[in-house]
Protein chains: 2
Amino acid sequence: MERDNKVSITVIRRLPKYYRYLSDLLNKGINRISSQELSNMTGFTASQIRQDLNNFGGFGQQGYGYNVEELKNQLGKILGLDKIYKAVIAGAGNLGQAIANYRGFQDAGFEVLSLFDKNPKLIGIKIRDIEIRDIEEMESFIKENGVDIGIITVPKSSAQEIADIYVRSGIKGIWNFAPADIKVPDDVIVENVHLNESLFALSYFMNNKNDYIRRD
Amino acid sequence: MERDNKVSITVIRRLPKYYRYLSDLLNKGINRISSQELSNMTGFTASQIRQDLNNFGGFGQQGYGYNVEELKNQLGKILGLDKIYKAVIAGAGNLGQAIANYRGFQDAGFEVLSLFDKNPKLIGIKIRDIEIRDIEEMESFIKENGVDIGIITVPKSSAQEIADIYVRSGIKGIWNFAPADIKVPDDVIVENVHLNESLFALSYFMNNKNDYIRRD
DNA sequence: TGCATATTTTTATTATTATTACCCATAATA
DNA sequence: TATTATGGGTAATAATAATAAAAATATGCA
């Protein structure tokens with residue numbers, strides 16, 4: 001699916017939100033939606049929504065709006081949610097277990113094959129049928145099973161080390177929860193979830209209610 | 001600390017990252033840093049860093065750079081990290097426990113006073129001295145203890161219900177992990193952590209390596 | 001069925017916002 | 001004291017979003 005004009009990251013970051021609302025609509029049995037209605041739901045302007053979607057093709061119909069199911073499927077395809085991803089989690093602490101436990105990711109096509117930890121007390125335990133294995137076995141496990149995504153839920157101090165193992169094993173996507181910026185080759189994608197930064201932003205907004213430009 | 005010109009959210013979202021790097025530098029005993037060096041570390045341009053910081057005052061010195069400790073303290077004050085916040089967590093599942101367990105938040109001044117859940121099997125258990133209480137007691141607990149921040153780690157279906165309790169109890173800041181957009185009055189700040197959206201974005205980037213404008 | 005009118009997307013244009021580049025004053029350094 | 005480093009401020013550029021105009025479809029009614 002080649003496109004001439006590259007899409008900006010700000011647009012891409014909105015797509016999952018559209019996708020979520022479309023899923024909700026579909027569950028409610030609604031099969032037709034206008035950009036104006038989507039605007040009311042999401043808080044983005046109707047024109048922005050139309051422009052965002054038009055980056056990827058004309059999914060709408062003048063005078064009609066968008067077909068919910070079709071648009072959801074199209075966005076799913078754009079986001080790559082029509083595929084199955086194999087993932088592993090490095091770090092079987094609370095956060096790693098929380099992710100392993102959450103059914104939502106599996107439903108979206110992200111299957112956690114195994115957790116890994118160095119703590120002998122955790123090794124062998126199963127989280128909802130997902131076994132915790134020795135971190136020493138991780139590299140060979142990834143290679144043998146063709147894992148796509150590596151999740152990092154270890155402490156900051158060993159995050160880079162884990163990232164290096166992932167890269168060595170051929171993983172091309174890393175979901176990083178450690179509060180550190182890890183270094184990887186250009187062809188490996190890192191998506192960070194920096195909870196600290198989110199919490200600090202909340203703190204700022206609470207303390208400076210009128211000193212920033214609000215945009216819902 | 002009144003300022004004429006409001007600051008954009010994109011700037012504010014970068015501040016916690018600067019703060020993190022400055023903390024790292026301070027821990028390494030480095031007490032002087034230039035915008036160029038910060039640029040090399042963070043990936044933002046030096047010019048952007050200077051402009052971001054200048055929104056809040058001239059913390060640097062021409063010909064010298066920035067004093068790490070002073071800049072860190074100033075950013076901390078701007079972010080509101082010079083205060084102590086009392087927080088509670090609604091939802092004592094894996095994610096709630098993960099947050100309660102993470103020392104980093106406490107070190108930054110965010111103290112979790114209690115977890116709440118409706119599951120009788122969890123009530124009474126302690127996570128690192130933090131007790132899990134019956135969700136029925138949450139409202140009175142918040143009022144009695146003057147809680148500042150409410151964290152939501154319950155399933156999507158009860159997220160709004162919890163938010164309503166928080167609002168009724170007088171909480172002014174909500175950290176929401178449920179994959180839903182909750183509705184609150186204007187004076188209540190909601191900071192969302194939508195893990196689904198982050199994961200979907202990762203999926204997009206993995207599938208469309210050259211179709212978006214990369215900006216580290 | 002056919003026409004007039006309401007909707008609603010698409011495309012083009014304009015306005016706003018964000019980022020980068022540049023110059024100058026100041027401080028460090030040798 | 002000369003040279004280099006560096007941030008602050010301002011101007012220029014680029015990116016993003018909003019607006020307006022245009023085209024296509026649906027809907028209601030005679």
Side-chain angles (χ1 to χ4, degrees), chain A residues 3-15 17-18 22 25 30-72 74-75 201 211-216, chain B residues 3-15 17-18 21-22 25 30-72 74-75 78 201 211-216:
Chain A
R3 276 186 305 285
D4 278 5
N5 298 325
K6 298 197 175 192
V7 183
S8 78
I9 288 195
T10 53
V11 173
I12 292 159
R13 295 260 171 217
R14 285 192 288 265
L15 299 183
K17 184 154 287 184
Y18 299 146
L22 289 165
L25 286 167
I30 297 166
N31 49 29
R32 174 182 168 176
I33 192 85
S34 71
S35 59
Q36 187 52 58
E37 290 168 300
L38 272 174
S39 169
N40 298 146
M41 294 167 68
T42 61
F44 303 121
T45 65
S47 79
Q48 183 170 52
I49 292 170
R50 292 197 296 270
Q51 211 159 276
D52 283 354
L53 298 176
N54 250 36
N55 276 300
F56 303 94
F59 303 131
Q61 186 77 284
Q62 281 129 322
Y64 177 88
Y66 298 88
N67 177 283
V68 173
E69 184 167 15
E70 192 207 315
L71 184 55
K72 187 203 158 198
Q74 292 282 0
L75 283 180
D211 291 350
Y212 62 92
I213 298 155
R214 203 162 185 173
R215 192 164 55 211
D216 298 27
Chain B
R3 274 185 308 283
D4 278 6
N5 297 324
K6 300 197 174 190
V7 183
S8 81
I9 288 195
T10 53
V11 174
I12 292 158
R13 295 260 171 219
R14 284 192 289 264
L15 299 183
K17 185 154 287 187
Y18 299 146
Y21 276 99
L22 289 165
L25 286 168
I30 296 167
N31 49 30
R32 174 182 167 178
I33 192 86
S34 71
S35 60
Q36 187 52 58
E37 289 169 301
L38 272 173
S39 169
N40 298 146
M41 294 167 68
T42 61
F44 303 122
T45 64
S47 184
Q48 182 170 57
I49 292 169
R50 291 200 296 270
Q51 196 154 296
D52 284 354
L53 298 176
N54 249 31
N55 277 298
F56 302 95
F59 304 131
Q61 186 75 282
Q62 281 122 324
Y64 176 87
Y66 298 88
N67 177 284
V68 173
E69 184 167 16
E70 192 208 312
L71 184 56
K72 187 203 159 198
Q74 292 282 0
L75 283 181
I78 291 163
D211 291 351
Y212 62 91
I213 298 155
R214 203 160 186 177
R215 193 164 55 212
D216 297 25

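Per chain, numbering begins at 1; letters A, B, ... match sequence-line order.
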Q: Answer with base, sugar-phosphate or nothing: what part of the nucleic acid does A/Gly63 contact at a heavy-atom distance below 4.0 Å?
A: base
Q. How do A/Gly65 and B/Arg14 order along DNA chain C: which one's closest nucleotide is nearer the 5' end?
A. A/Gly65
Q: Would you mind classifying the nucleic acid contact of A/Gln36 as base, sugar-phosphate or nothing, using non-hydrogen atoms under 4.0 angstrom?
A: nothing
Q.
Rounded to whole Å, how long is the line connecting atom CD of B/Gln62 with atom P of D/dG8?
A. 7 Å
Q. Hey, which of these two, A/Val11 or B/Glu37, hits DNA chain D nearer its 5' end, going by closest nucleotide?
A. B/Glu37
Q) Does the side chain of B/Tyr66 get closer than 4.0 angstrom to OP1 or OP2 of D/dA5 through an N or O atom? A) no
Q: Identify whether the distance between the nearest side-chain nitrogen and carboxylate oxygen of B/Arg14 and B/Asp52 falls below 4.0 Å.
A: yes
Q. Taking for each residue the nucleotide of DNA chain D bearing the nearest heavy atom, is the 5' side occupied by A/Thr45 or by A/Tyr64?
A. A/Thr45
**Q.** Selected nucleotide, minimal atom distance to A/Ser34 side chain, candidates C/dT20, C/dA18, C/dT8
**A.** C/dT8
Q | Euclidean distance, atom CG of residue B/Asp52 to atom C1' of C/dT17 [Å, nearest integer] | A | 13 Å
Q. Which whole-number value in Å describes the distance from B/Leu71 CG to D/dT6 C1'?
A. 14 Å
Q. Taking the side chain of A/Thr10 as its heavy atoms from C-beta onward, which of D/dA17, C/dA28, C/dC22 lies nearest to it?
A. D/dA17
Q | side-chain contact (heavy atoms from CB on, under 4.5 Å) evaluation trace for B/Leu53 with B/Leu75 | A | CA-CA 9 Å; B/Leu53 298 176; B/Leu75 283 181; 4.1 Å; yes
Q | Phosphate OP1/OP2 of D/dG9: any B/Asn54 side-chain N/O under 4.0 Å | A | yes
Q. Contact class for A/Ser47 vs. all strands (heavy atom < 4.0 Å): base, sugar-phosphate, or nothing?
A. base
Q) For the side chain of B/Gln61, counting heavy atoms from C-beta on, which of C/dA27, D/dG9, C/dT8 is nearest? A) C/dA27
Q) For A/Leu53 and C/dT11, what is the distance between atoms CG and P respectively, to the nearest whole Å? A) 13 Å
Q: Please determine, for the side chain of B/Gln51, which listed nucleotide (C/dT20, D/dG8, C/dT10) has the closest atom?
A: C/dT20
Q | Heavy-atom pair with the smallest gap, counting every atom of B/Phe44 and B/Lys17 | A | CE1-CD, 3.9 Å
**Q.** Nearest listed nucleotide, side chain of A/Ser35, among C/dT9, D/dT16, C/dA28
**A.** C/dT9
**Q.** Rounded distance in Å - CZ (B/Arg50) to P (D/dA11)
**A.** 17 Å
Q. How many Å lie between CZ on A/Phe56 and P on C/dT10, as a whole number?
A. 14 Å
Q) From the list C/dT8, C/dT29, D/dG9, which nucleotide is the closest neighbour of the side chain of B/Arg32? A) C/dT29
Q.
Without decimals, in angstroms, what is the distance between B/Phe44 CZ and C/dA18 P?
A. 14 Å
Q: Cation-pi check, A/Arg32 to A/Tyr64: give yes when NZ or CZ is under 6.0 Å from the six-membered ring centre and within 45° of the ring axis, no otherwise.
A: yes
Q: Could you check which nucleotide pairs with D/dT25 in any of the strands shown, counting Watson-Crick or G-U wobble with both distances under 3.5 Å?
A: none
Q) Looking at the angle O4'-C1'-N9-C4 for a purine or O4'-C1'-N1-C2 for a pyrimidine, is D/dA18 syn or anti, with syn meaning within 90° of 0? A) anti
Q. Got a donor-acceptor contact below 3.5 angstrom from the B/Thr42 side chain to the B/Leu38 backbone?
A. yes
Q. Is there a side-chain contact between A/Lys72 and A/Tyr66 (heavy atoms, below 4.5 Å)?
A. no
Q) So which nucleotide does D/dG9 pair with, by the Watson-Crick or G-U wobble rule with both distances under 3.5 Å? A) C/dC22
Q.
Whole angstroms only, please: what is the CG-C1' distance between B/Asn55 and C/dT17?
A. 13 Å
Q) Taking the side chain of B/Gln48 as its heavy atoms from C-beta onward, which of D/dG7, C/dT20, D/dG9 lies nearest to it? A) C/dT20
